[in-house]
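Positions are given from 1, in the same order as the sequence printed here. What you see below is based on every heavy atom in this structure, not just the backbone, and it leaves out hydrogens, waters and symmetry mates.
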Amino acid sequence: MIAQTIKMYSEKEYLELEREAEYKSEYYQGEIFAMAGASPNHNRILGNISGECYIALKGKSCQSFSSDMRLHIPQNGLYTYPDLLVVCGKLEFADKDKDTLLNPSTIIEVLSKTTSAYDRGNKFRLYRSIPTLTEYILVDSLSVSVEVFRKDGKGIWYLAMETNNIEDRIALPNLNLQLNLSDIYARTSGLI
């Protein structure tokens with residue numbers, strides 16, 4: 001058996017490579033992980049949610065960013081690209097390049113077969129280190145299913161809502177926003 005060594009990168013090296021790369025990669029504890037493409041349903045769901053958030057937040061103090069906005073969590077070193085994040089108030093960036101946000105209040109991840117366990121588990125654990133984060137929403141791209149997690153005033157995370165009913169809507173009170181599942185899943189293939 002041949003032992004394989006993994007090249008370790010500094011945050012600076014990662015950012016230099018990432019800013020020149022043609023594809024997106026996550027960074028955690030010295031390792032760089034290439035991100036895979038997404039299915040048509042994943043992209044449709046993300047587009048639907050992005051559109052709904054843009055309309056609802058237009059002219060307000062909160063603004064949404066889709067999956068091309070990098071997020072950094074200084075508390076644990078993760079650099080990642082959430083499917084959608086919302087920042088309320090002033091945008092805080094990691095550096096002068098202003099391409100890496102630090103202060104989301106809401107993160108939405110669209111689950112796929114390959115990302116579901118990570119998004120529910122270790123990634124959510126890492127996200128919980130973000131002081132400004134108060135809502136985490138998981139939207140399944142393989143079936144109609146949405147989970148909304150919230151942080152209470154004591155910093156405790158809890159499951160605020162779980163539904164698989166296309167007639168339901170999810171409330172995001174921190175954003176003064178309600179999303180209909182029928183709008184989230186509109187024009188998807190084989191889900192409704």
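A donor-acceptor pair under 3.5 Å is formed between the side chain of S50 and the backbone N or O of L46. Between the side chain of K98 and the backbone N or O of F93 there is no donor-acceptor pair closer than 3.5 Å. Looking only at distances, no side-chain donor or acceptor of K60 sits under 3.5 Å from a matching main-chain atom of C88. Not one N or O on the side chain of N180 forms a donor-acceptor pair closer than 3.5 Å with the backbone of S182. Counting only distance, with no hydrogens or angles, the side chain of D140 and the backbone of V144 share no donor-acceptor pair below 3.5 Å. Side chain of E26 to backbone of A34: no donor-acceptor contact under 3.5 angstrom is found. With N164 contributing its side chain and S145 its backbone, the two residues share no donor-acceptor pair below 3.5 Å. At distances below 3.5 Å, at least one donor-acceptor pair connects side-chain atoms of E13 with backbone N or O atoms of S10. Listed for the K24 side chain is a donor-acceptor partner under 3.5 Å among the backbone atoms of S67. Proximity of a side-chain donor or acceptor of S116 to a complementary backbone N or O of K113 within less than 3.5 Å is not detected.
Connection of F65 to L57 is not established within any shared hydrophobic cluster, with ILVMFWY side chains joined at heavy-atom distances below 4.5 Å, either directly or through further cluster members.
Summarising the geometry, atom CD1 belonging to I32 is positioned 10.0 Å from atom CE belonging to M8; distances are rounded to the nearest 0.5 Å. In this structure, OG1 in T100 is found 5.0 Å from CZ in R19, a value given to the nearest 0.5 Å. Note that the CD1 atom of I73 and the CD1 atom of I130 stand 4.0 Å from one another [nearest 0.5 Å]. For the atom pair CG (L78) and CZ (R70), the distance works out to 11.5 Å, reported to the nearest 0.5 Å. Atom CG of L101 is separated from atom CG of N103 by 6.5 Å, given to the nearest 0.5 angstrom. Rounded to the nearest 0.5 angstrom, L102 CG and H72 NE2 are separated by 6.5 Å.
Heavy atoms from other residues, nucleotides or ligands lying under 6.0 Å from CG of D183 number more than 12.
Note on ring orientation: taking the six-membered ring where Trp is involved, the planes of Y27 and Y79 are perpendicular (angle over 60°, cut-offs 30° and 60°). Between Y136 and Y127, the ring planes are perpendicular. Angles over 60° get that label, and only those under 30° would be called parallel.
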message: As a quick check of understanding, evaluate side chain to side chain contact (heavy atoms under 4.5 Å, CB included) for F149 and E135, giving each step before the final call.
response: CA-CA 6 Å; F149 293 88; E135 292 179 317; over 6 Å; no
task: Carefully, step by step, assess I108 and V86 under the rule side chain to side chain contact (heavy atoms under 4.5 Å, CB included).
output: CA-CA 9 Å; I108 299 174; V86 178; 5.8 Å; no
- request: Evaluate the criterion side chain to side chain contact (heavy atoms under 4.5 Å, CB included) for residue pair V146 and L181; output intermediate values, then yes/no.
  value: CA-CA 8 Å; V146 177; L181 266 68; 4.1 Å; yes
task: Show the numbers, then the answer: is there a side-chain hydrogen bond (donor to acceptor under 3.5 Å, both in side chains) between N41 and R44?
output: CA-CA 5 Å; N41 276 352; R44 177 74 274 137; over 6 Å; no
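Judged by distance alone, the side chains of E109 and Y118 never bring a donor and an acceptor atom under 3.5 Å apart. The closest side-chain donor-acceptor pair between N174 and T134 falls under 3.5 angstrom. Side-chain contact, D168 with T163: a donor N or O sits under 3.5 Å from an acceptor N or O. A donor-acceptor pair shorter than 3.5 Å cannot be found between the side chains of S129 and Q75.
Salt-bridge formation is detected for the pair E147/R120: a Lys NZ or Arg NE/NH1/NH2 atom is positioned less than 4.0 Å from an Asp or Glu carboxylate oxygen. Of the charged side-chain nitrogens involved, none lies within less than 4.0 Å of a carboxylate oxygen, so that D83 and K123 do not count as a salt-bridged pair.
Across all their heavy atoms, Y158 and K151 have their closest contact at CE2-C, 4.4 Å. The two residues S64 and L84 make their nearest non-hydrogen contact at CB-CD2, 4.3 Å. Between E18 and S25, the closest heavy-atom pair is OE2-N, 2.8 Å. The minimum heavy-atom distance between L71 and P104, with the atom names listed, is CD1-CD, 3.6 Å. What you find for I49 and V139 is that their closest heavy atoms are CD1-CG2, 3.9 Å.
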